[in-house]
Amino acid sequence: MTTSVDHSPKSSDVRQASLPLWQNDGVAHDDDLDRALDAVGARLRALRRQRNVTLADLSGVTGISVSTLSRLESGDRRPTLELLLPLAKAHGVTLDELVDAPTTGDPRIHLRPVTRHGMTMLPLTRHAGGIQAYKLVIPGSSGPTEPQLQTHEGYDWLYVLNGRLRLVLGEHDLVLAPGEAAEFDTRTGHWFAAAGPEPVELLSLLGPQGERAHLRARPKQR
């Protein structure tokens, strides 16, 4: 049994980023709400102008004074629930739409993609701990790059959706095609990138030691 090796792999200048360092990037933090509230003023102004409504007209509908409405739109007044509820009703939008806040209690995933070193990662889970799921999009190669193997705690399961993925795992140098998967202990030196000029899309399930998937890609036989 021998290892399938791509003798002329090419990858971009992308440096493999360690997934555990990304786990907090796609999850809403406490300051996300502050940023959302800070952006409410501009959104209120845009909604009012789209409807061709004056501050005086809006004041008559909501019962909020013109001066308060003006300060809300300029950002000089921090929005409160008591102010946002009648404004959302007047503009015909939900409160969530008005503040553009992350949804809660919704089974659908509303997480933001994160780009690091040219690689785009979309978290598919938002709970802390346990196995974390990601969709990764790695751009195609633009020149030869020497693999830089990394190690960290955890266990990874990769499944290729589109394109071809070059995976260097310890002494093995593999090329995975769509529909193929690999599973490995991340304490083993590893590195992966697009195996050619086309981008590659894959799913990654990353978990702590002992939490594993049950599908394994083995080196191809010649």
Side-chain angles (χ1 to χ4, degrees), residues 3-4 9 11-12 14-33 35-36 96 101-140 147-195 198-220:
T3 301
S4 173
S11 61
S12 64
V14 173
R15 293 287 192 269
Q16 170 83 27
S18 181
L19 283 176
L21 298 180
W22 295 359
Q23 291 185 13
N24 292 327
D25 289 333
V27 181
H29 298 289
D30 291 340
D31 59 350
D32 285 344
L33 182 57
R35 287 194 295 268
D96 285 346
T103 58
T104 58
D106 189 335
R108 295 170 296 178
I109 302 298
H110 298 274
L111 298 177
R112 301 172 183 174
V114 177
T115 300
R116 290 289 183 273
H117 308 284
M119 182 188 301
T120 300
M121 183 272 291
L122 177 65
L124 302 178
T125 50
R126 56 184 173 187
H127 57 79
I131 293 179
Q132 302 293 310
Y134 304 88
K135 179 179 180 181
L136 306 179
V137 180
I138 306 174
Q148 297 182 3
L149 275 63
Q150 298 190 12
T151 61
H152 53 83
E153 289 294 322
Y155 205 87
D156 204 357
W157 182 86
L158 304 176
Y159 179 84
V160 179
L161 298 170
N162 292 296
R164 296 166 67 245
L165 178 75
R166 183 190 178 195
L167 170 64
V168 178
L169 179 62
E171 62 182 9
H172 300 296
D173 196 331
L174 309 169
V175 175
L176 278 66
E180 292 188 306
E183 178 186 15
F184 54 90
D185 188 322
T186 55
R187 291 175 298 184
T188 300
H190 60 281
W191 175 93
F192 53 84
E198 300 298 324
V200 59
E201 299 180 29
L202 63 146
L203 296 177
S204 171
L205 297 179
L206 182 68
Q209 297 297 328
E211 298 191 26
R212 305 181 177 187
H214 299 285
L215 182 62
R216 185 185 303 275
R218 295 182 175 86
K220 297 180 179 179

In terms of heavy-atom contacts, Thr151 and Arg187 come closest through CG2-O, 3.4 Å

Leu158 side chain near Phe192 side chain, heavy-atom distance below 4.5 Å: yes

Note: Leu202 and Val160 closest approach over all heavy atoms is CB-CA, 4.1 Å

Any donor-acceptor N/O pair, Thr186 side chain to Gly154 backbone, under 3.5 Å: yes

Once you round to the nearest 0.5 Å, how far does CG of Leu122 lie from OG1 of Thr120? 9.5 Å

In terms of heavy-atom contacts, Ala194 and Pro139 come closest through CB-O, 3.4 Å

Once side chain to side chain contact (heavy atoms under 4.5 Å, CB included) is applied, do any residues pair with Pro147, and if so which ones, sequence neighbours excluded? Leu149, Arg166, Val168, Trp191

If the condition is side chain to side chain contact (heavy atoms under 4.5 Å, CB included), which residues does Leu161 pass it with, not counting sequence neighbours? Lys135, Tyr159, Glu201, Leu203

Quick check: closest heavy atoms across Ala182 and Leu167, and the distance to 0.1 Å? CB-CD2, 3.6 Å

Pair Tyr155-Glu183, side chain to side chain contact (heavy atoms under 4.5 Å, CB included): steps then yes or no: CA-CA 8 Å; Tyr155 205 87; Glu183 178 186 15; 3.0 Å; yes

For Glu198 and Arg164, run side chain to side chain contact (heavy atoms under 4.5 Å, CB included): C-alpha distance rounded to whole Å, both residues' side-chain angles, the deciding distance at 0.1 Å, then the answer. CA-CA 8 Å; Glu198 300 298 324; Arg164 296 166 67 245; over 6 Å; no

Using side-chain heavy atoms (C-beta onward) and a distance below 4.5 Å, is Leu169 in contact with Thr188? yes

Can you see which heavy atom on Gly163 is nearest to which on Val200, and at what distance? C-CG2, 4.0 Å

One should read off an interatomic distance between Asp156 CG and Asp185 CG, to the nearest 0.5 angstrom, of 10.0 Å

Between Val175 and Ala195, the two heavy atoms sitting closest are CG1-CB, 4.1 Å

Between His152 and His190, how do the two ring planes meet: parallel, tilted or perpendicular, split at 30° and 60°? perpendicular

Do Ile131 and Leu206 come close enough that some side-chain heavy atom pair is under 4.5 Å? no

